[in-house]
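Encoded as structure tokens, the structure appears first; notes follow it.
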2 protein chains.
Amino acid sequence: MVTIKDIAKAAGVAPSTVSRALNDSPLISVETKRRIQRLAQRLGYERNELARGLVKGSFGALGLIVPDIINPFFAEITKGVEEAARERGFGVVLCTTEGDEAREEEYLRLLQRKRVDGLILASVTLDDPYLQKLQHSKIPFVLVSRLSKGIEAPYVVVDDKKGGRLATEHLADLGHKHIAFVGGPSNVHASRERMSAYRAVLSERGLPLKREWIVFASFTQEAGREVGRRLLSQSERPTAIFAANDLIALGIMEAAEELGLRIPDDLSLVGYNDIAYAGLPRIQLTTVAQPMREMGQIAANFVLDVVEGRKHASLAAVLAPRLVVRRTTAPPGRS
Amino acid sequence: MVTIKDIAKAAGVAPSTVSRALNDSPLISVETKRRIQRLAQRLGYERNELARGLVKGSFGALGLIVPDIINPFFAEITKGVEEAARERGFGVVLCTTEGDEAREEEYLRLLQRKRVDGLILASVTLDDPYLQKLQHSKIPFVLVSRLSKGIEAPYVVVDDKKGGRLATEHLADLGHKHIAFVGGPSNVHASRERMSAYRAVLSERGLPLKREWIVFASFTQEAGREVGRRLLSQSERPTAIFAANDLIALGIMEAAEELGLRIPDDLSLVGYNDIAYAGLPRIQLTTVAQPMREMGQIAANFVLDVVEGRKHASLAAVLAPRLVVRRTTAPPGRS
DNA sequence: TTGTACGCGTTATCAG
DNA sequence: CTGATAACGCGTACAA
């Protein structure tokens with residue numbers, strides 16, 4: 001690999017002069033600058049960012065931690081982050097945790113060792129105490145699609161209560177009286193918020209609130225299928241289900257299919273996230289859309305602003321969800 | 001951030017001793033080693049990999065270039081790469097190109113500047129001449145799910161000809177005589193291979209080969225819908241379509257729906273890739289499955305083997321595809 | 001405008 | 001077994 005020393009030798013100048021030329025410094029004559037720049041190009045010089053980072057204390061990369069890159073929800077966030085980072089010349093180190101806390105901590109250490117300039121945490125498992133440690137580490141970070149109870153940390157989220165309301169009210173407006181809720185893990189903020197909005201709406205409307213019709217599982221299709229089977233094979237089954245994400249909804253759809261229930265005739269179904277496949281021809285899932293890519297962009301740009309010194313002290317962005325009505329919801333059939 | 005110098009001072013030894021302790025070197029007494037290790041832990045020391053990378057000439061990270069992380073096909077590959085890298089203590093820098101060649105080159109330079117240890121190219125746009133340059137750069141790389149004509153480069157692919165055969169023969173076996181093919185970009189190797197297998201099967205079986213029934217588009221649902229509309233609204237329409245990936249197939253499904261055609265009654269449809277959503281309740285797409293995650297793992301492990309000195313000179317892995325028959329294919333209706 | 005000298009945090013080499 | 005010392009490639013005060 002060619003270094004600035006090589007260029008310096010070839011050009012008959014000092015390495016510092018080459019450095020100045022390559023960094024477009026004003027304290028160098030225009031002609032030597034251009035001469036050196038051309039030479040560098042011709043020699044195929046690529047700056048060593050390890051060395052530069054060592055000096056400047058900044059490597060030019062962001063760390064992104066997500067639970068699962070296969071999940072389109074996080075894929076969209078990732079895309080937003082990556083776009084924003086790329087536009088500003090930064091790299092993105094991708095870390096997936098599978099929801100495993102140990103792995104998350106392991107990755108966090110890896111990223112610190114690599115001296116990334118900032119962290120974007122779209123993961124959910126990390127406990128508050130660890131976040132506290134992170135705050136001391138001086139490396140800027142931002143929470144995406146999650147909050148932290150004890151810690152005051154910058155975040156960008158979508159208003160889950162509002163989203164939960166949109167979904168539940170839509171079902172109630174259609175005339176449903178027997179509405180169940182299927183969430184992700186019960187310790188995940190989003191799960192709880194959507195559930196609490198669901199409860200609030202039911203109680204406002206004077207609809208029955210059954211304990212057995214509030215289920216927490218995990219944010220996967222398999223979990224949705226299992227819960228769906230259980231929920232829909234009871235003698236008294238709900239006429240509508242609000243699922244806390246689209247994957248769960250798809251699993252429930254699968255279970256309904258198995259049990260010979262037609263959607264939306266026998267069962268109305270609302271999901272959450274509007275992942276790309278919710279709009280598929282035969283799926284046509286009614287769902288709550290979140291601006292996921294935008295979340296990623298906002299998060300990345302905030303961290304980069306902090307890194308580059310325009311110090312936004314904090315960030316508390318709450319974006320608005322949007323109900324997307326498709327074909328899995330209808331008034332309840334006469335039964 | 002605490003450095004080895006800080007630890008050295010605190011322990012009353014030289015920095016080099018600390019370095020030896022932290023690297024578990026044998027040329028240090030067991031007791032000082034342990035003492036220093038404990039001290040480092042207590043001080044919250046995290047090694048600076050920029051400095052380490054500078055002297056060792058290796059940063060401990062892989063660069064991964066994919067066209068689009070939203071596409072489940074590449075998300076799966078990414079997952080495989082990330083898993084393998086994590087297990088061996090490496091990070092992954094994610095780069096998405098949107099199929100834009102300029103962006104790919106830009107990223108390639110970024111990754112070189114960051115001195116990643118190896119490259120995994122799941123992108124398709126890069127031209128052979130550029131690969132040639134890459135070979136000179138001494139940084140090991142591997143092609144995933146693509147080949148290069150002129151250059152002898154390590155690769156891991158799935159046998160597209162075999163996959164194309166599986167799909168086309170399945171349709172022919174069902175009795176279809178009017179089979180169309182919809183590919184991705186015509187300059188993509190996978191597209192061409194699947195198409196050529198399609199042609200071979202048709203000619204072997206003595207089935208009519210219509211020029212208008214071979215269409216190249218792009219690997220997206222939108223493209224599939226457009227092509228589907230055109231193909232299916234002709235007076236003489238095919239009774240079966242082999243789509244070169246699942247997204248295209250889904251688009252075609254959408255178009256068929258719009259035109260009032262039932263699947264598989266009026267139209268049989270085979271996709272390619274078996275992305276997670278092909279198995280969805282109402283989609284149930286017959287498709288050709290590729291071991292995507294495995295490809296990612298094999299690719300990453302190969303590059304890492306090279307990096308770590310166990311020098312596999314080359315890699316030419318051809319994995320086998322698998323036909324997954326679901327509910328979008330059936331014998332042609334009487335017409 | 002340019003060159004010199006030093007430091008960033010680590011590892012490796014060579015004495016001791 | 002341990003301690004100096006140099007080197008990795010670059011940026012930057014300081015001197016010229």
Side-chain angles (χ1 to χ4, degrees), chain A residues 1-37 39-40 43-61 89 109-110 112-117 137-139, chain B residues 1-37 39-40 43-61 89 109 112-117 137-139 309:
Chain A
M1 282 258 97
V2 30
T3 73
I4 57 171
K5 282 187 193 167
D6 300 326
I7 300 177
K9 221 167 287 178
V13 298
S16 53
T17 304
V18 176
S19 173
R20 281 189 276 257
L22 263 26
N23 287 307
D24 205 29
S25 158
L27 350 94
I28 186 178
S29 79
V30 204
E31 50 178 341
T32 44
K33 182 188 290 189
R34 270 217 284 273
R35 183 166 64 94
I36 290 176
Q37 284 174 346
L39 188 57
L43 262 42
Y45 172 77
E46 292 292 347
R47 151 200 295 160
N48 184 336
E49 301 228 19
L50 297 185
R52 173 177 235 242
L54 187 56
V55 171
K56 308 205 68 155
S58 150
F59 179 52
R109 291 221 311 283
L110 179 79
Q112 271 178 254
R113 289 202 301 273
K114 297 220 179 303
R115 297 298 192 268
V116 296
D117 299 296
S137 80
K138 279 299 172 197
I139 162 169
Chain B
M1 283 257 98
V2 30
T3 72
I4 58 172
K5 285 186 189 168
D6 300 326
I7 301 177
K9 221 166 285 176
V13 297
S16 50
T17 304
V18 176
S19 174
R20 280 189 277 257
L22 264 24
N23 287 306
D24 203 28
S25 158
L27 345 100
I28 185 176
S29 79
V30 203
E31 50 178 341
T32 45
K33 181 187 291 188
R34 268 216 286 271
R35 183 166 64 93
I36 290 175
Q37 284 174 345
L39 188 57
L43 263 41
Y45 171 79
E46 293 291 347
R47 152 199 295 159
N48 185 335
E49 301 228 20
L50 297 185
R52 175 178 232 240
L54 185 57
V55 37
K56 305 205 69 150
S58 151
F59 179 53
R109 291 220 312 282
Q112 271 178 254
R113 289 201 301 272
K114 299 223 178 301
R115 297 298 191 265
V116 295
D117 299 297
S137 79
K138 279 298 172 198
I139 163 169

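Quick caveat, the model's predicted, so the values are computed rather than measured. For the numbers below, each heavy atom of this structure counts, side chains included, while hydrogens, waters and symmetry mates do not. Order of the sequence lines fixes the chain letters, A, B, ..., with proteins taken first and strands second; residue numbering starts at 1 for each chain.
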Establish, with yes or no, whether the OP1 or OP2 oxygen of dC8(C) is under 4.0 angstrom from a side-chain nitrogen or oxygen of Asn48(B).
-> no
dT11(C) phosphate, OP1 or OP2: any side-chain N/O from Ser19(B) under 4.0 angstrom?
-> yes
Kindly say whether, by distance alone, the side chain of Arg47(A) makes a donor-acceptor pair under 3.5 Å with the base of dG11(D)?
-> no
base_contact_polar (dG3(D) base, Arg20(B) side chain, donor-acceptor, <3.5 Å) | yes
Can you tell me if Thr32(B) and Ser29(B) form a side-chain donor-acceptor pair at under 3.5 Å?
-> yes
Of the nucleotides dT10(C), dG9(D), dT2(D), which one has an atom closest to the side chain of Ala51(B)?
-> dT10(C)
Salt-bridge contact Glu46(B)-Arg109(A) (side-chain N to carboxylate O under 4.0 Å) | yes
For dT1(C), does OP1 or OP2 lie under 4.0 Å from any side-chain N or O of Thr32(A)?
-> no
So which nucleotide from dG3(C), dC8(D), dG7(C) ends up closest to the side chain of Val13(A)?
-> dG3(C)
Classify the side chain of Ser16(A) versus the base of dA5(C) as yes if they form a donor-acceptor pair under 3.5 Å and no if they do not.
-> no
Distance-only, no hydrogens or angles: does the Asp6(A) side chain make a donor-acceptor pair with backbone N or O of Thr3(A) under 3.5 Å?
-> yes
N/O (side chain, Lys33(A)) to phosphate O (OP1/OP2, dT1(C)) under 4.0 Å = no
How would you label the contact of Ile4(B) with the nucleic acid (heavy atoms, under 4.0 Å): base, sugar-phosphate, or nothing?
-> base
From dT10(C), dT11(C), dC10(D), pick the nucleotide closest to the side chain of Lys56(B)?
-> dT11(C)
Just checking Leu27(B): base, sugar-phosphate only, or nothing, at a heavy-atom cut-off of under 4.0 Å?
-> base
Quick one: is dC1(D) close enough that its OP1 or OP2 comes under 4.0 Å of any side-chain N or O from Ser29(B)?
-> no
Roughly how far apart are Ile139(A) CD1 and Ser137(A) OG, rounded to 0.5 Å?
-> 5.5 Å
Are Lys5(B) and dT10(C) close enough that a side-chain N or O sits under 4.0 Å from OP1 or OP2?
-> no
